[in-house]
Amino acid sequence: MFNYDQYLRLDKFPLIWCSGCGDGIVLKSLLRAVHKLGLQKDQICMVSGIGCSSRLPGYVDFNTLHTTHGRALTFATGIKMARPELTVLVITGDGDATAIGGNHYIHAARRNIDLTVLLFNNHIYGMTGGQVSPTTAKGKKASTAPYGSFENTFNISGLAQAAGASFVARSGVYNPVQLENYIVKAIQKKGFSLVEIMSPCPTAYGRRNREGTPVDMIAWQKENSVPVAKAGQLTPEELEGKLITGILVDIERSECRAEYQKLIDRLAQS
Amino acid sequence: MFNYDQYLRLDKFPLIWCSGCGDGIVLKSLLRAVHKLGLQKDQICMVSGIGCSSRLPGYVDFNTLHTTHGRALTFATGIKMARPELTVLVITGDGDATAIGGNHYIHAARRNIDLTVLLFNNHIYGMTGGQVSPTTAKGKKASTAPYGSFENTFNISGLAQAAGASFVARSGVYNPVQLENYIVKAIQKKGFSLVEIMSPCPTAYGRRNREGTPVDMIAWQKENSVPVAKAGQLTPEELEGKLITGILVDIERSECRAEYQKLIDRLAQS
Amino acid sequence: MSFRYEIRLSGEGGQGLVLAGKILAEAAAIYDNLNATQSQSYGPEARGGASRSEVILSDEDIDYPKAVHIDLLLALTQESCDRYAADLKSNGILLVDQDAVLTTPEGSFKVYRVPIIQMARDRVGRALVANIVALGLIAGIAKIVSEKALRQAIEARVPKGTEELNLKAFAVGLEHAKTLV
Amino acid sequence: MSFRYEIRLSGEGGQGLVLAGKILAEAAAIYDNLNATQSQSYGPEARGGASRSEVILSDEDIDYPKAVHIDLLLALTQESCDRYAADLKSNGILLVDQDAVLTTPEGSFKVYRVPIIQMARDRVGRALVANIVALGLIAGIAKIVSEKALRQAIEARVPKGTEELNLKAFAVGLEHAKTLV
Amino acid sequence: MSQEPAAKKKKGHVTVREAWCKGCAICVEFCPEQVLVMERGKATVAYPDRCTACNLCELRCPDFCITVSVKGE
Amino acid sequence: MSQEPAAKKKKGHVTVREAWCKGCAICVEFCPEQVLVMERGKATVAYPDRCTACNLCELRCPDFCITVSVKGE
Amino acid sequence: MSNASQQRVRVLTGNEACAEGALAAGMRFYAGYPITPSSEIAEVLAEQLPRYGGVFIQMEDEIASMGAIIGASLAGSKAMTATSGPGFSLMQENIGYAAMAEVPCVIVNVMRGGPSTGLPTLPSQGDIMQARWGTHGDHPIIALTPFSVAETFSLTVRAFNLAEQYRTPVILLLDEILGHVNEKVELPKDGEIALVNRTLPHDPPERYLPYRHTESGVPPMVSFGQGYRYHVTGLAHDESGFPTNRASEIEKLLDRLHRKIEQNRDHIVEVEAYEMEDAEIGLISFGSSARASRHAVRLAREAGKKAGLLRIKTLWPFPDQEIQAYGDRVKKWIVAEMNRGQLAHEVEWALCGRAPIHRVTVYNGDPISPLTILNRINQLD
Amino acid sequence: MSNASQQRVRVLTGNEACAEGALAAGMRFYAGYPITPSSEIAEVLAEQLPRYGGVFIQMEDEIASMGAIIGASLAGSKAMTATSGPGFSLMQENIGYAAMAEVPCVIVNVMRGGPSTGLPTLPSQGDIMQARWGTHGDHPIIALTPFSVAETFSLTVRAFNLAEQYRTPVILLLDEILGHVNEKVELPKDGEIALVNRTLPHDPPERYLPYRHTESGVPPMVSFGQGYRYHVTGLAHDESGFPTNRASEIEKLLDRLHRKIEQNRDHIVEVEAYEMEDAEIGLISFGSSARASRHAVRLAREAGKKAGLLRIKTLWPFPDQEIQAYGDRVKKWIVAEMNRGQLAHEVEWALCGRAPIHRVTVYNGDPISPLTILNRINQLD
Ligand SMILES: Cc1ncc(C[n+]2csc(CCOP(=O)(O)OP(=O)(O)O)c2C)c(N)n1
Ligand SMILES: Cc1ncc(C[n+]2csc(CCOP(=O)(O)OP(=O)(O)O)c2C)c(N)n1
Ligand code: SF4
Ligand code: SF4
Ligand code: SF4
Ligand code: SF4
Ligand code: SF4
Ligand code: SF4
Ligand SMILES: [Mg+2]
Ligand SMILES: [Mg+2]
């Protein structure tokens, strides 16, 4: 039995998240991944923005930094550039990373700076009570989209890829072991790594959109996940409304801090 | 002979741009495009951010709005949402649109809001004297990259595509007629349209990088442009350092203001 | 002489206490022509689940919209009873769900123990309407807002199609109250 | 008694007047142990092309770094001469490029007309070093900064590999100045 | 996929930390052996003997309530 | 490509608005007929007769200095 | 909602009343980004605006929201956004733009505890100096502070009227208490509300100067697409709207920007005096703190003390003259606010030592209670 | 540059001196976004920092720049950014975060004309109130204003020292004149500069409270990755750094944040008196305006007038006591600044009517000239 407690700030429990919120499941996958990699707690710096998911760092016994809304990646960039030896994990939500934080998201990916981003995509602003997010599907309801959203959505992972990320994977809480494996790979990757995690919000999203119980929402992932290899064989119509999971990008590309180190070294020699 | 004067604020001439700056060439292509489309000056609203290129609206006899750095698309979104009947043109630079303004860039593309964006890519911050931009190629020098830039760059057009733009084309000042044609198509497109325009900056970029005279910089485009159709047949190595020109994206996708109008109409009926 | 009457509805998130408070306030303000304020507390940012809803009633301007000396406290959980009873006036009213609240604090206030949730479930058919049953009880016990006004407010405020159910819940509470006072 | 000496170098962008001003200031401040400030004006945001460079020299703290009563004005274009001569002191010095500046304003100041750019082109071999030729002229005419200090400052400040060329330009200017005063 | 094949039917011992349980029923619904049930808003081990230590309940409980150990280990 | 084929050799009339000319020489270098030259930092029409009204100079002059008309039109 | 929303007497929260007031004022464009405790303003408008044919759009952030409302206003819509502290900080650059380019618009800040993320669900009044000084450079601003739900409705209407009349951004400062408290409001009928719209020019397009240094200080304003085709910039500009670096033009512009507010201050500034006729102890307060203050005055009066309240409705421009008018009579002042004394500092400046000024400052997330103020009054004897 | 940069006597611009001062102070992390007239600070550091093994990164905007320096500081680097008005406005949210989370860092604002895009290449001193009040909520701040290139060097060093000593963001306010003027500086040798570093805790990790309410008000600080593993948030927090909504804890936190600056004000606040011993006309000024003021004092003294200058080096916390100390002797005051009277307002507050205060305000892009001030002095007779 895996011992989570060694990584937790148990005095902060129980978690503030709602009953059935997926975020706790992700947290567990993350801790198992950290353990698998044998990382020292002191060497991990976890940075989050603002949102339900961004409350996660408060529960783990790492160096933890809860920043401003949308800006986690900028603080993380400062940490990584200053202390490249630290493993820097970024916890963020769909709103935090791709609404207010969208610019830092594409720039961190462009730089391919060695950060590992866990993006909790619940298709809603959970913390503020259910406003529409750039990932709320068209027609879905939110407190600021009472007639259903009229806007197009982002393909979050595709955006990271186009911006220059070297590792992108997508998974969901239905599949905590897959999730754990992707997180392991993402941390191992030297470069900007994104794991987009479907983590249901039964309170602010599920209720308003009649998605049923937390169990129903997790079961939905089971029914509708399509591994990326298989997705290639399906038509866009068949893929409509499906969740494509798997490792979407895994390439080698020069990493920002390493390139900067080369410059330092070059100047030191001359 | 085309009569530019009818669209110009002649009392503001001569242009503030440096000798040989490409921006004036783009301005001319734009005016011919506007004329070709038979647009009324009153019905055009031109919005820019801050930068050398963003000074363009001051010279044209439209409704012109010179906003804050990086934010042109937000002002333009307000205008388009409020008055969909206006043709809204956005003038922006590589720094303005993709550095400080990157978030608005991807969100306007996501919404596929009916704006036409002319992005003047000179691979540098011209206005402020030549600092590195997200499009300054690795190794190229800038006032804040005295040893050559160590960062990866954006593929600006690819980013717009991944974010959801429905029309994307790339051209340069060597080819003012092609440019004119792309601008015509971009304005005609109902949705977010981007024309990425290679407009050389001999002063802040060319000089520091020993790119020669303005003529040399324009001639470079001639030598190194590869039409997108042909690019498909070349290897990445062969394309290294080349300029792929042409219409890169031209798809149908629901447009933001039109979708909102549907909502208004639906509610009016009920 | 002016009067000020402070009501606190307490329990846990999802029990509809914010709605109940709003109905109380609307009944008083719109239909009984009193002044009324209603407010609630939020958890860490507004993720729902307010556990406290306060209504102040008065015949003049209400300057301070927070409860200070509570005239009537409704507690649907033990925790809320323990936490909030201290602010109850010495001659106030404590109305608790008798199954959920096992011990009530000592004090000179009057305590009513009613199986509110059970009544909602058994006599109206939905535990969910315990909040409206409680309104009936409050109407009957405190007599500070008129029955008619409350009925109007309930009708206007509850989700379409549930008016009857809710009015029944109100009647059940009101009726029971009459056996108490 | 303390002295304050104000020099304005004017012309068009690309003529190296900012560098010339900086060299003057460094010569005075670092090698002649005076106080010195140098500043320039910018166009609409800093896109290069400053057309005015000012140097103030003094033996005490320089409180106000902008030129007010100019002791020496260098003008390499007609436009700059027209624009800036008004600030010249009545007993000041006006040094102009005789090919570029055709008319000089009336005034009690002393006017020197020298073919500066032509001298740079013909006698040094690069029109680009007209700025340094001008420094030589200023050194010889105004005698406010020592020749030695200026030579040191030129050596330290000009791009590596161009020291000789620039020192030659300085010498050409200085020599010519001696024929003037 | 996360299900590890229950190779040779192990015996499991499952416990619930009630204090932290928020009653989401995820553990209950995803247990293939129906070991757990909801009781007064909390998960409860109803049929401990059925447990095969497959760990699915533990992996998905968002609130760190569940521990599973293999009997005899 | 922007070059329109100079089908039946037209005759052109080209002028330069000197006041706005910044001397970039773009018009000079891209004129296929070498009609223009730089003179004291400004573009000047040196060989007006060679002009074929191809318009390439006009299209690329960034400062709106150049007008080209077809002779006789 | 439908049933109740037909009625004129309603029970609304301050946030709801703000949204209703904006609609009544003719606001037809809202752009915003959610933030506690302001989000309900957006939520009501997301539901209502499309019914009015107006536009609701949730932008990607607060910077974009502010940009969008400026654009919409220039295009002819009355436009607004709402936020709280962190979002208000992000809006500062574009608020300065609106002030400089003289674009009418309304920014609502429902104040919560700060600094930084602070206390998202608890009230404060800590952003009042930021409302004045949050953007760079010297600029005038108008900021209004209602103290009840009913007044939130009416001051929201007034905010739009002032914005239109003076071509300026207007800031409406609420706080979490006001935003979230439900209270009785009697809504005026549509015809009963006086609405102001931007002044159109008499000049034809060719003579139109969008930044004319008029006597009133306010240049007439015409929307984009109406045939006037002018230029708008955040750079220092001349009367025609085009950039200038000429000292004389710059000075005229900045002088006029200030003048249009200062010379109209008597129209803009509103305070309410409560029991001030014979007051010897004067309270100064605003927003929800003014409610506790008024209650304290009542209690003090019941105890026979000559206390009164000067309640500030217009915080900026600062009602210095209105306060000074009592300077000789009132013997002691108490300034009550939910911050560390921002208003008190300004009152001290205004009164210039004419009477001692005492502070009641609460900044721990609790509302100020009337008793706290009463105690302070009692201590003064 | 190489040759000259070895020398101790150099001719530098204020921007260059700022960069050199930062390097001398031990700054090893710079993140910024270019903006006139501050860009040269970044340009020098882009060249120098990698030579020191330090980090220079140009971020995507000013928000990111501010975030990055906070992150770097928590990771143990002395960190800074530089900007001008528009960028300073964008940084406000994260500056508030740094104040709340008590992260040492230095923010340089080279002031240009505002509001909005304003006058990018012309000087102003219009952001001094914004430096105090630009972010939401109540918070303390330290802001320094050098008046010469040499002092820009030394106050940059001091800014880092104060930031480290008091665990706080420190703002350095320059202006376009100072940023761009070349002036003689005598740089101290490396050993001559006193450097301050953040105080490390004596406590072992398990007893470490990163926000302990110490007597000095400043909690010891340990960098990430040093074995202490604590939590940092912009929410109101208790001594352990974790969020709290408890009024008593919140109050203690905010009180301490202010206390650590206020009770150390005598160490932080610096003014320089020039000819003030017997002055009857007192000038108050700062930054490049103080140069014109000092010159005016000289000219006035030459004309036999008893004028003096109190030059403000620490603008925030405000040197009210230092000004008041002259309150009884100086008969008339003149406050000279390149804005519309921001400092004058504070001086009026500090002097509370004890003597008349006259204003010299220039806000048209021109620098204040000594003669303008001299004229004002002459008018006073
Ligand atoms: C500048 C700023 N704007 C807005 C907010 C309010 N806010 C807090 S969290 C949040 C959105 C959270 O959504 P998401 O990032 O998807 O996280 P989730 O709560 O869904 O996990 C918002 C808008 C804020 N704290 N700061
Ligand atoms: C908030 C803000 N930050 C920085 C600046 C300074 N600035 C003005 S233009 C510019 C960059 C211009 O580059 P680009 O957009 O590529 O336009 P170009 O000048 O090259 O046409 C910058 C950084 C500003 N005006 N506002
Ligand atoms: S609101 Fe949604 S995301 Fe937030 S804790 Fe509750 S379930 Fe999770
Ligand atoms: S700096 Fe570059 S982009 Fe700007 S006007 Fe000059 S050439 Fe054009
Ligand atoms: S370990 Fe497997 S079988 Fe045992 S209770 Fe959990 S899910 Fe059921
Ligand atoms: S999954 Fe966890 S929290 Fe949910 S019911 Fe089971 S034990 Fe309780
Ligand atoms: S029109 Fe053609 S031929 Fe004539 S000058 Fe221009 S480029 Fe030359
Ligand atoms: S292209 Fe235009 S600006 Fe350039 S040299 Fe020719 S005429 Fe002059
Ligand atoms: Mg979310
Ligand atoms: Mg550019």
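Labels below follow one simple rule: chain letters A, B, ... track the order of the sequence lines, proteins then strands, and each chain is numbered from 1.
In the displayed structure, D:Gln78 atom CD is contacted under 6.0 Å by more than 12 heavy atoms of other residues, nucleotides or ligands. Counting non-hydrogen atoms of neighbouring residues, nucleotides and ligands closer than 6.0 angstrom, the CD atom of D:Glu106 reaches no more than 12 such neighbours. For D:Lys110, the NZ atom sits in a loose shell: 12 or fewer heavy atoms of surrounding residues, nucleotides or ligands are nearer than 6.0 Å. H:Glu192 CD: more than 12 foreign heavy atoms inside a 6.0 Å radius. The environment of D:Arg126 atom CZ is sparse: at most 12 non-hydrogen atoms of other residues, nucleotides or ligands sit within 6.0 angstrom.
Between H:Val11 and D:Lys22, the shortest heavy-atom distance links the atoms O-NZ, 3.2 Å. When all heavy atoms are compared, the tightest approach of D:Ser39 to H:Val181 is CB-CG2, 4.1 Å. The minimum heavy-atom distance between H:Arg291 and D:Thr37, with the atom names listed, is NH2-CG2, 4.2 Å.
Highest contact tally toward chain D, considering only H:Pro37, H:Ser39, H:Pro367, is held by H:Pro367 [criterion: heavy-atom pairs under 4.5 Å]. Between chain D and the options H:Ala292, H:Pro370, H:Ser288, the largest number of non-hydrogen pairs under 4.5 Å is found for H:Pro370. Heavy-atom pairs under 4.5 Å with chain D peak, among H:Thr13, H:Val185, H:Ile368, at H:Ile368.
The distance from the OH atom of D:Tyr64 to the OG atom of H:Ser289 is 9.5 Å, given to the nearest 0.5 Å. Going from atom CD1 of D:Ile30 over to atom NZ of H:Lys184 covers 8.5 Å, rounded to the nearest 0.5 Å.
Looking at D:Ala36, only its backbone comes within 4.5 Å of chain H, counting heavy atoms on both sides. With a 4.5 angstrom heavy-atom cutoff, D:Ile56 does not touch chain H via any of its atoms. For a residue to count as touching a neighbouring chain, one of its non-hydrogen atoms must lie under 4.5 Å from one of that chain's; by this rule D:Glu60 touches chain H with the side chain only.
Two residues are said to be in side-chain contact when any heavy atoms from C-beta on lie closer than 4.5 Å; H:Arg298 and D:Asp63 meet this criterion. Within the 4.5 Å cutoff, the side chain of H:Ile177 has heavy atoms near those of the D:Pro65 side chain. Side chains of D:Lys66 and H:Ser369 form no contact here, defined as non-hydrogen atoms less than 4.5 Å apart.
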*What do the steps show when you test D:Asp61 against H:Glu183 for side-chain contact (heavy atoms from CB on, under 4.5 Å), and what is the final call?*
CA-CA 10 Å; D:Asp61 286 346; H:Glu183 198 165 27; over 6 Å; no

